[in-house]
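To start, the structure under review is shown below, and the notes come after it.
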Amino acid sequence: MSFNKEDLLVNIKRQAKRLSKLLTIPLGQAQEALAICLYDCNSYSDLLVKIKAESFDNPLIALSALSPNSEIFLVKILASHLDNLRSA
C-alpha cells in the first residue's frame, strides 16, 4: 500500500475506470459516484484536490491506496450506497 500522492491519483483513476466497466455507466458518473459514495467527498474534483493537497483528514482517503485487485470490496461498498445517490 503506497501513500505517494501520484500513486493515489493513479489508483483513483483506475478505480473509476473499473467501476465504470463493472456498472456499465459513463466514466464521469463512475468518478462522481466513487468520490461521493466511497470517499465521502463533495465531487470527484474535490477528491482529487484533497489527494493532491495530501489532506488526509478524511480517513476514507486511505482506500485510494488499495491494491488494483480490490474492486470487489469497492463495488460492495458503492452498491450499498448507490440508492442514496440516486435519490439525492
Side-chain angles (χ1 to χ4, degrees):
M1 202 184 292
S2 171
F3 284 98
N4 173 294
K5 177 174 41 173
E6 295 305 317
D7 291 342
L8 297 180
L9 291 170
V10 168
N11 275 347
I12 291 289
K13 291 175 183 177
R14 285 182 186 151
Q15 290 171 359
K17 286 179 182 179
R18 285 193 308 269
L19 182 63
S20 173
K21 287 182 182 180
L22 287 168
L23 298 180
T24 318
I25 58 175
L27 179 59
Q29 199 173 6
Q31 291 169 331
E32 292 298 313
L34 191 71
I36 294 167
C37 295
L38 182 65
Y39 291 105
D40 197 30
C41 292
N42 294 328
S43 65
Y44 185 70
S45 59
D46 180 40
L47 172 60
L48 296 180
V49 166
K50 287 180 178 177
I51 289 174
K52 289 176 184 175
E54 296 179 14
S55 172
F56 297 113
D57 55 329
N58 176 350
L60 294 173
I61 298 294
L63 293 173
S64 64
L66 287 175
S67 159
N69 297 323
S70 302
E71 71 254 11
I72 293 171
F73 174 72
L74 294 172
V75 169
K76 285 182 179 182
I77 291 173
L78 285 168
S80 68
H81 291 88
L82 278 178
D83 287 336
N84 294 338
L85 184 63
R86 288 184 193 146
S87 63

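Every heavy atom of this structure was used, including side-chain atoms; hydrogens, water molecules and symmetry mates were not. None of the values given here were measured: they were computed from a predicted structure.
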Contacts of Ser43 meeting side-chain contact (heavy atoms from CB on, under 4.5 Å) (sequence neighbours excluded), chain-then-number -> Glu32, Ser45, Asp46
Smallest heavy-atom separation, Leu19 atom then Ile25 atom, equals O-CG1, 4.4 Å
Distance col, row Lys13:NZ vs Leu8:CG, nearest 0.5 angstrom, shows 12.0 Å
Taken in chain and number order and not counting sequence neighbours, the residues that satisfy side-chain contact (heavy atoms from CB on, under 4.5 Å) with Leu27 are Ala16, Lys17, Ser20, Gln31
CG (Leu38) and CD1 (Ile12) are apart, to the nearest 0.5 Å, by 7.5 Å
